[in-house]
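Residue numbers start from 1 in every chain, and the chains themselves are labelled A, B, ... in the order their sequence lines are given, proteins ahead of strands.
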Amino acid sequence: MLVMKGIVKQFPGVRALDGVDLDVRAGEVHCLLGQNGAGKSTLIKVLAGAHQPDEGTIVFNGAEVRPSSPIDAIRLGFATIYQELDLVDGLSVAENIFLGHEHARFGFVNRPAARRAAREVLERLGHGEIRPSAEVGRLSPAAKQVVSMARALSHDAHLIIMDEPSAALAHDEVANLFRIIRELTAQGVAVVYISHRLEEIREIGDRVTVLKDGRTVAVGLSARDTPTTQIVSLMTGRNVEYVFPAKAGRSPGDEVLTVEGLSSPGVFSDVSFSVRAGEIVGLAGLVGSGRSEILEAVYGARPATGRVLLDGRPVGRTVVDTVRHGMGLAPEERKAQALLLDQSVTANITLGGLTGFARFGWLDRKREREEARRLAEMLDIRPPDPERPIRTLSGGNQQKAVLARWLLGGRKLLLLDEPTRGVDVGARAELYAVIRDLAEQGIGVLLVSSEVPEVLGLADRVLVVREGTVIHEGDAAGLDEHGVLDMIMNGRAA
Amino acid sequence: MSEPTKAQAPSAAGGGGPSRGGIPGLGALGGLGEMRHLGLLGALALLVVVGMVTRPDNFATASNLVSILSLAATIGVITVGATFVIIGGGIDLSVGAVMALASVWATTVATQSYGPVIMAICAILVGTGAGLVSGLLIAYGRLVPFIATLAMLVAARGLAQRMSDRKTQLIDADNAALVDLSTTRVLGIPLLVYIFALVVVLGWVVLNRTTFGRRTYAVGGNPEAARLAGIDVRRHTMLLYALSGMCCGIAAILIMARTTTGSSTHGDLYELDAIAAVIIGGTLLTGGRGTIMGSILGLLIFTLITNLFILNGLNTSDQLIAKGLIIVAAVLLQRRNLKERAP
């Protein structure tokens, strides 16, 4: 249905696409794989009409096309659902779905018609419960995803491009997403699916195209039968069979963090656990299970009742207090919650420990720069120039800078919420090594991740959270992915 | 001009020159801050040339330059405070009214009986106090800055009218020492210009060399990240408004010295001039980016225009139109700079 051949896209100084071939058949889920920077996003933008290729041809249903603008692409029947959802929070669901092609006459919007049509599309997606009049800003991430998809459908798209659609979704929501995708493909719609999660690709994908450094390195592999080692080696150019560092060699030290009877009405209740020095404790659970909220409550960023002790002493319930006592958080939304994007890597690293460089409020900027440089080298932040604006770094390196922030001033406990979100495979392994290394230095680590293999691979001990309560606690060694998933989804103890 | 690179990367400012590491794109990045100030300096130079051409007799005279600086001093001090608030992601509309209130409070019969030093302290305390109230409402009362400081504008103006009974309060002969600030000259320049310069230098130092300044950028650039990094964002926000209020108090001293009066009508629409100067200077209204130097250059441009119109006997309405055009032109130029900056 769609054949792209020899697509080249040149940016000043970078050849983002250097001869990409892609061939998508009607009714299939075609997965696009590649590391960050391999050219996936640029390729999508070419299809979406946001970029025009310098060379190459795009043939759609037998005719050569050249989407020259986003509107043009939509008219051709290409719809794109971006990684970062592009919805207007202040408008209603119906208004968002029909944004740009409203049911209107002489500029007046026909609201009842729009709502009816919106309800139809939402029902087609199996989400009749989302009210067309609801304000999008108040919806959950999963519901927003559905609205995004409804918008794509409302354009009568023949080809839907999904950029990491599952990144913001929990496990059961992913299942629903897959159900929708299957229905779409059954109607002959082709889906180009981009994800970092191999297991998803195995489940939903038909064929796989692998990109590396702006080139297609493999076309039309079977999504189900191609061995993981082959896919990973195509993406990285090397065989990566093992990404997690070895578990703690020595037995962990004293309790750093003690949580007793932590509760937040309606979110989680009576949570008790501890983290010891040098130990990585993982919280596994679905989005909305309360796992991130528990982390925030421990950090003092969310009100809760119960006791939180650091080194056996109670700490105040504000972030200012917990940070002063030695906690640090790498939040889930890196850009929105952790980074000052306009500022340098140095300024971002030292943000949490500024007083350490100051005397009576006066900054010792030389020492600040030296310290930031030392940490950047220690964590191998690339490019190795701490004066660069942090927005120019890749996701993995930005995350390292956030970790570096908390290496200042002797942290006792690090709270990591989805530390590898949006980070490519190669950089993940490095981050895992860094996190393990921190634990080896005697820091306690509390980790939240949606990816069960990540929790199992990295943590020494695992707590399984379901609907706001801890339903299982045990050594990571005694658990496997299947068992944890079973607990998370069905609430059965292993 | 080593300081203004602050806009892009505070820690890169001043230190090792604009282009570190030899990455081409980065050199341009580091230099753009300076470029922007170069633009402002160019505009300033252009206005000076216009002045020298149109009024060769009395533009470039010492007395005219002194009068320009004296005129700029009052709003200049306020602009320093406004720059902090705006970089910190807020806005303070109450500055003119708070200055008026401080001038009235400091010139009441009761305050005047304690002498000039207490009058000056009173002005600063009243200004700081008013700023603190706005800050409390915004930081802890969760009011939108626009609304809280709009309320403060109206209320402070009203309180000033009530205290003064809408009369202009003269400074007694006993307290002439306060007026000396505008009449005593060192090296031919009135003392109040030195006070202005001191406030600018202190403001620059606090913004660029202290934890307070760095946190101001953080709080304005990404309040959530600042909060999760352990910065007390609310307290900091409150302090920013108190700082702005304190600057209004200092400005009140200057305007009392210049006019020998305290009055509820002082500083009308100063908030707009201050905000305009900050914007022309390249500070983002959304917070997180900006410089003191830019604001001061913006202010000097504004003041020069006023001066040129007066010297040439032109209509003050045309002057307002010119100022409006300059604001739009400055912002359009900066947006082009931002676009070039984006990857």
Taking ring-ring contact (aromatic ring centres under 6.0 Å, His included) as the definition, give me every residue that meets it alongside A:His325, ordered by chain and number, with sequence neighbours left out. none
Salt bridge (Lys or Arg N to Asp or Glu O under 4.0 Å) contacts touching residues 393-402 of chain A (sequence neighbours left out): A:Lys400-A:Glu430
Toward chain B, the part of A:Ala372 with a non-hydrogen atom under 4.5 Å: neither
Looking only at heavy atoms, what is the nearest atom pair of B:Glu224 and A:Ala336, with distance? CB-O, 3.8 Å
First locate atom OG1 of A:Thr318, then atom CZ of B:Arg227, and finally report the distance between them rounded to the nearest 0.5 Å. 10.0 Å
For A:Phe357, is it the side chain, the backbone, both, or neither that has a heavy atom closer than 4.5 Å to a heavy atom of chain B? neither
Taking the side chain as every heavy atom from C-beta outward, state whether B:Leu228 and A:Tyr299 have any pair of such atoms under 4.5 Å apart. yes
Report which part of A:Ala338 has an atom under 4.5 Å of a heavy atom belonging to chain B: side chain, backbone, both, or neither. backbone
Of the non-hydrogen atoms in B:Ala225 and A:Leu351, which two are nearest, and what is the gap between them? O-CD2, 4.3 Å
Give a yes or no on this: more than 12 heavy atoms of other residues, nucleotides or ligands lie within 6.0 Å of atom OH of B:Tyr140. yes
Non-hydrogen atoms of chain A under 4.5 Å away: do they reach the side chain of B:Val206, the backbone, both or neither? neither
Set of residues satisfying side chain to side chain contact (heavy atoms under 4.5 Å, CB included) with respect to A:Thr42, sequence neighbours excluded: A:Lys9, A:Phe11, A:Ala16, A:Leu17, A:His51
Residue part contacting chain B, namely of A:Thr350, when any heavy atom lies under 4.5 Å: side chain
Please output the residues of residues 230-247 of chain B in contact with chain A, using a heavy-atom cutoff of under 4.5 Å, in numerical order. B:Gly230, B:Ile231, B:Asp232
Exam field: side chain B:Asn222 to backbone A:Leu339, donor-acceptor pair closer than 3.5 Å: yes
Quick one: closest heavy-atom pair of A:Leu354 and B:Arg214, and the distance? CD1-CG, 3.5 Å
Give the minimum heavy-atom separation between A:Arg365 and B:Asn208, together with the two atoms involved. CD-O, 3.9 Å
